[in-house]
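If you read the sequence from its start, that first residue is 1, and numbering goes on from there.
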Amino acid sequence: MPVYIRKGPADIPEPPDSSQGDEEQELFLSDPDQLQDQLPQPFRMIDKVLDRLVDRAWDFISQRETARVTEQANKAIPIMQVSGDVKLPVRTNCLACSEDGRYIFLGHPHGLSVMVQPQGITTSSSSPYCVPVWQEDQVEITSLHITCLGEMAYLLASLDDMGVARLFAYYSETSHLIKVMNETDDLNQRSVCVKFELSRGGDYGAATISYNGCQCLEVYRFPKDSWLKELYQHAPGVGDTGKLSPVTMLMKIRPPKPHTGSTMKSPFEVLQKTEDGNVIGSGQNHLISSRQWEDQDAVFKSVYRKYMVTNPSNTTDPENRPSCVTSHFLLPGGLSSVLGGVKPQTGGVAVAVCLWWSGSHNLLQYLLWKAPKDKADPEPKADALWPNAQEILCSAVSSCTRHITLGLVNGLVTVWDRHLGLPLSVVSVEADSVFSSIIFVDYWPSTATEDALHSQGPNHTSTQVHLLVTCKSGACHLVYAGRGLDSHDVTQLSERPSDPGCFPVVTATVPFLQRLALIMQRNGKIFLQDMVDRRVVCCFSLPDTHLLASPWNPVFLLDPTQQSLLITGDQRPGRDSGEELEDGGSRLFVFRFQDAAVVKPYRHGHDGRASSHQGQSGTGAWNLEETCNLYFQPRIESVEERNKVMTETWNQLQEHAALVLLQNQQHPVTILQNQQHPVTILQN
C-alpha cells in the first residue's frame, strides 16, 4: 500500500492573526448556539460572498418597498365630505333602519326616538328630524332590531343595559309596547337577555336568555295577522301593553348535556329514545357505560400520547357544558322541509332556526312550522345535525340563507349548502390567530359563467361564495369558496397592525356597492377598501368640530335603501358653544353615495354586467323528487371533474401499492401465529 509523505521538514504553522482570532471568538460568544467551528477555506470565503450578496439584495428590496409605500402615501386618497347632519337630543347608543328606508330608529338613555324622513334621506335639501316615540326613566336602550310587519307597520325588538328585552309595534307615528319578554316580579329570579332578534317579516323572534351562568334560546311565534288587524282598525285607541294579541313561546332550547356513561341496559331502550332516527343524532343515546368510556379514553391517550399537544389553557372540565349560543333564522329551502313532512308557508317566512353552542362541533337545526302545541316543548329535539371537524368559533348566513358558513379552530372555514345538506367547501386559512368574525360578501360582480347559469333557470345558480374573515389579531382575509378541489382561494387583505391605533374595530361589507368593505379603526379613521386590489378607495371626514363617537365601539348604520352611511359624532373637547354643550354636541352625520364619483365604478351594472347576490336560489324543495333533482343536477354538471379526480386517486393508489410491494421485497416478513388470530408483522 503506497504511503505519500510530504517532502521537506514539517514546519510548525504560524499562529493566526490576532484580530481574526478575536473576531471569531466574539462571533462564537455572540452566538451560543454555534456548536461547530466555522467552515474551512475556501468554503468560508464563498459563504461570506453569498452573505454579502443576500444583504445587498435585501437592502435593495427594502429601499424599493420603502419607496413604494412612500409613493402610495403621497398619492391623494379621495375624501368624502358630510352630505348632511341631524342634531341629536341626547347620546345615541344604537341605530336601526326600516327596510323601506322611511324611518331610522335610535336607542338612547330614557327611551326610543325615530328619525322621520317620508321622502327618504336622498337630497341635501331634505331635513330629517328626531321625534321621541317611547320614553322611560332609568332605561338605556343599547340594541335595536327592526323588521317590516306590514304596510307602514313595523316590529321593533329592543334591549337595554339591564338585560331587559322589549317588543314594540310602530304604526301611524305611534309606538305600542307589546310585551316585556323577560319580565318577572321577583328580582332574584329575573333572567338577563343577551340578544333579541326578529325573523324577516316579523313572524318569529329569538331571545338569548342568561341565567345561573348558562344560556338558553327562547323562540317565539308572533300573531302577525292579528296584530296588523288590531293596528289598522284600532290604532288610535291602542297604546298600552296587553291590548294586542299575546305572544306564544314556541320552544325553549337549552344547552346539550355532556356526554357521560349510559345507564340503559339494552338496545331496545336506545331505539325508544331515538324516535324515527332519520337524522344524525347528537350522541346522547348510546350503550357505552362509564367504565368503558374511561377505558377507551385511557387507551387512546396511551397510544397517541406523542401526537397529543398538552395546552393547559385549552383544557376544560367535561362537566361544564357549553353555555353561549349563536342562532340564525332560515328561509324556505333545503332538506329540512322534506324531512319534516309538512309543507310550510311560502314566501319570505322563516321555516327553521339554526344554532350552535360554544365549545361544540355541531350545527343544529330546529323547524318552526310544526303543528302548534298547547305549551312549549321542554326538551325540543333537533331536526337536523351537521357535524364539523373542529370547534365552532363564529358563523354567518347568506342573504337568501341557502349557505351557512362556520369559522372553526385551526383556521378552517366550512361552507354548508342547505339545498343539498352537504358541505360546499372546506378551506384552510393560514391565520396568525383565531377567527373573531365571518361574513358573506353578498354583493359581488358576477362572471360570464355565473350569468350563463342564471340564464338556464332559477335552480341553475352559482355555487361560489365570497367570505370576509377577521381574526382577533386584526388581520383580515378574503375567502373564495366553491365546489371542487381547485375552486377556492384565500387572499389576505390586511396584516396584523403594528400600531394599536390602526386596529380595526369594524369590518363590514357595503350591501349596495360591489366588492367594497367598510373599515373603522381605533384611531377614528374610516375608509372604504377594495377587496380585490386591496387599495383604499376613499376616506370619510367628519367636520373639524366633531370626532367619531366611541371609536372603540362606533355607532353607525349602512342604509341599503337610501345608499348612505350614517355615523354618530361627538363635539370635540374645548369648543365654546353653549347650545352644543347642553346636549353634548351629539350629531348624526350622513354620507350619501348616489352622487359620489369615487364609488361609481362599484355600482350595479357600471361595467355592463349584473351583480350576483350569492346563493340566491329562487325556489326551494318541498318534496323528495325536487330535492333529488337539486342534488343530481350539480352531480351531472361535475361528472367530468369527478372522473378526473377519480383517475388521479386510482393512480396514486397504484403508486402507493407498488411502493409497498417494493418495501416488502426488500425487508423480510415474519408471520407470528397466535392461538386465536394470526398476526402479520413487517420487520423494518
Side-chain angles (χ1 to χ4, degrees), residues 143 145 147 155 157-160 162-167 178-199 202-224 241 245-259 273-275 279 281-285 320-330 336 339-340 342 344 349-360 362-386 392 395 397:
S143 175
H145 192 223
T147 185
L155 196 63
S158 70
L159 191 65
D160 64 14
M162 300 300 293
V164 178
R166 296 176 177 85
L167 186 65
I178 299 177
K179 180 178 177 60
V180 179
M181 309 307 294
N182 54 340
E183 185 179 18
T184 180
D185 297 333
D186 189 359
L187 297 179
N188 296 327
Q189 300 295 330
R190 191 188 69 175
S191 58
V192 176
C193 184
V194 180
K195 189 177 181 181
F196 188 23
E197 291 184 335
L198 306 173
S199 67
D203 295 275
Y204 300 95
T208 303
I209 305 298
S210 177
Y211 60 96
N212 298 329
C214 192
Q215 292 184 359
C216 70
L217 185 69
E218 295 182 355
V219 182
Y220 303 92
R221 178 186 283 117
F222 299 145
K224 176 181 176 179
T241 179
S245 299
V247 176
T248 303
M249 180 182 292
L250 189 62
M251 65 182 73
K252 187 173 185 178
I253 306 173
R254 293 180 173 84
K257 299 178 181 179
H259 293 282
K273 293 284 186 178
T274 55
E275 297 179 351
V279 296
S282 60
Q284 298 290 340
N285 302 320
N320 294 332
R321 64 180 62 178
S323 58
C324 299
V325 61
T326 303
S327 61
H328 307 278
F329 284 106
L330 303 177
S336 59
L339 298 177
V342 181
V349 180
V351 297
V353 58
C354 69
L355 58 91
W356 55 272
W357 301 90
S358 58
S360 174
N362 301 327
L363 178 68
L364 308 175
Q365 295 189 42
Y366 297 82
L367 298 180
L368 301 175
W369 35 268
K370 293 180 179 180
K373 299 180 180 180
D374 297 336
K375 58 181 180 179
D377 191 351
E379 294 186 2
K381 304 294 183 182
D383 298 281
L385 184 146
W386 288 350
I392 304 175
S395 63
V397 176

*Asks:* Taking C-beta and beyond as the side chain, do His328 and Ser395 meet within less than 4.5 Å on heavy atoms?
*Replies:*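 His328 reaches Ser395 side chain to side chain.
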
*Asks:* Contact between Asp160 and Arg166 at the side-chain level, heavy atoms closer than 4.5 Å - yes or no?
*Replies:* yes

*Asks:* Between CG of Leu217 and CD of Glu197, what distance do you get to the nearest 0.5 Å?
*Replies:*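 Between atom CG of Leu217 and atom CD of Glu197 there are 9.5 Å.
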
*Asks:* Answer whether the closest heavy-atom distance between the side chains of Asn362 and Trp357 falls below 4.5 Å.
*Replies:* no

*Asks:* Thr147: which residues meet the side-chain contact (heavy atoms from CB on, under 4.5 Å) condition with it, sequence neighbours left out?
*Replies:*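 By the side-chain contact (heavy atoms from CB on, under 4.5 Å) rule, Thr147 matches Glu99, Leu155, Leu198.
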
*Asks:* Out of curiosity, Arg221 CZ to Met251 CE, how far, rounded to the nearest 0.5 Å?
*Replies:*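 Output value for this atom pair is 8.5 Å.
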
*Asks:* Does Pro256 reach the side chain of Ser360, with side-chain heavy atoms less than 4.5 Å apart?
*Replies:*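 The answer is no, as the side chains (C-beta and beyond) never meet within the 4.5 Å cut-off.
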
*Asks:* Rounded to the nearest 0.5 Å, how far apart are SG of Cys193 and CG of Asn182?
*Replies:*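 It comes to 5.5 Å.
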
*Asks:* Find the distance between NZ (Lys224) and OG (Ser199) and round it off to the nearest 0.5 Å.
*Replies:*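 Between atom NZ of Lys224 and atom OG of Ser199 there are 8.0 Å.
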
*Asks:* Nearest 0.5 Å, what's the CG-CD1 distance between Leu355 and Ile253?
*Replies:* 5.0 Å

*Asks:* A side-chain contact here means heavy atoms from C-beta on lying under 4.5 Å apart; do Phe196 and Leu167 qualify?
*Replies:*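 Result yes, sub-4.5 Å side-chain heavy-atom pair found.
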
*Asks:* Given the ring of Tyr220, does Lys252 sit roughly above its face, with NZ or CZ under 6.0 Å from the centre of the six-membered ring and within 45° of the axis?
*Replies:*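 So Lys252 doesn't make the cation-pi contact.
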
*Asks:* State, with a plain yes or no, whether a side-chain heavy atom of Leu159 is found less than 4.5 Å away from one of Lys195.
*Replies:*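 Counting from C-beta outward, Leu159 and Lys195 never come under 4.5 Å.
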
*Asks:* Is there a side chain to side chain contact (heavy atoms under 4.5 Å, CB included) between Met249 and Glu218? Walk through the geometry before answering.
*Replies:* CA-CA 7 Å; Met249 180 182 292; Glu218 295 182 355; 3.5 Å; yes

*Asks:* So how far is it from Cys354 SG to Leu385 CG, rounded to the nearest 0.5 Å?
*Replies:*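 Rounded to the nearest 0.5 Å, the SG-CG separation comes to 12.0 Å.
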
*Asks:* Are any non-hydrogen side-chain atoms of Asp383 and Gln365 less than 4.5 angstrom apart?
*Replies:* no

*Asks:* Taking the side chain from Ser358 and the backbone from Cys324, do they hold a donor-acceptor pair closer than 3.5 Å?
*Replies:* yes

*Asks:* Walk me through whether Val353 and Leu330 qualify under side chain to side chain contact (heavy atoms under 4.5 Å, CB included).
*Replies:* CA-CA 6 Å; Val353 58; Leu330 303 177; over 6 Å; no

*Asks:* With sequence neighbours excluded, tell me which residues meet ring-ring contact (aromatic ring centres under 6.0 Å, His included) with Tyr366.
*Replies:*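 Listed in chain order: nothing, the list is empty.
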
*Asks:* What's the shortest heavy-atom distance between Leu368 and Tyr204, and which atoms?
*Replies:*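 Scanning both residues, the minimum pair turns out to be O-OH, 3.4 Å.
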
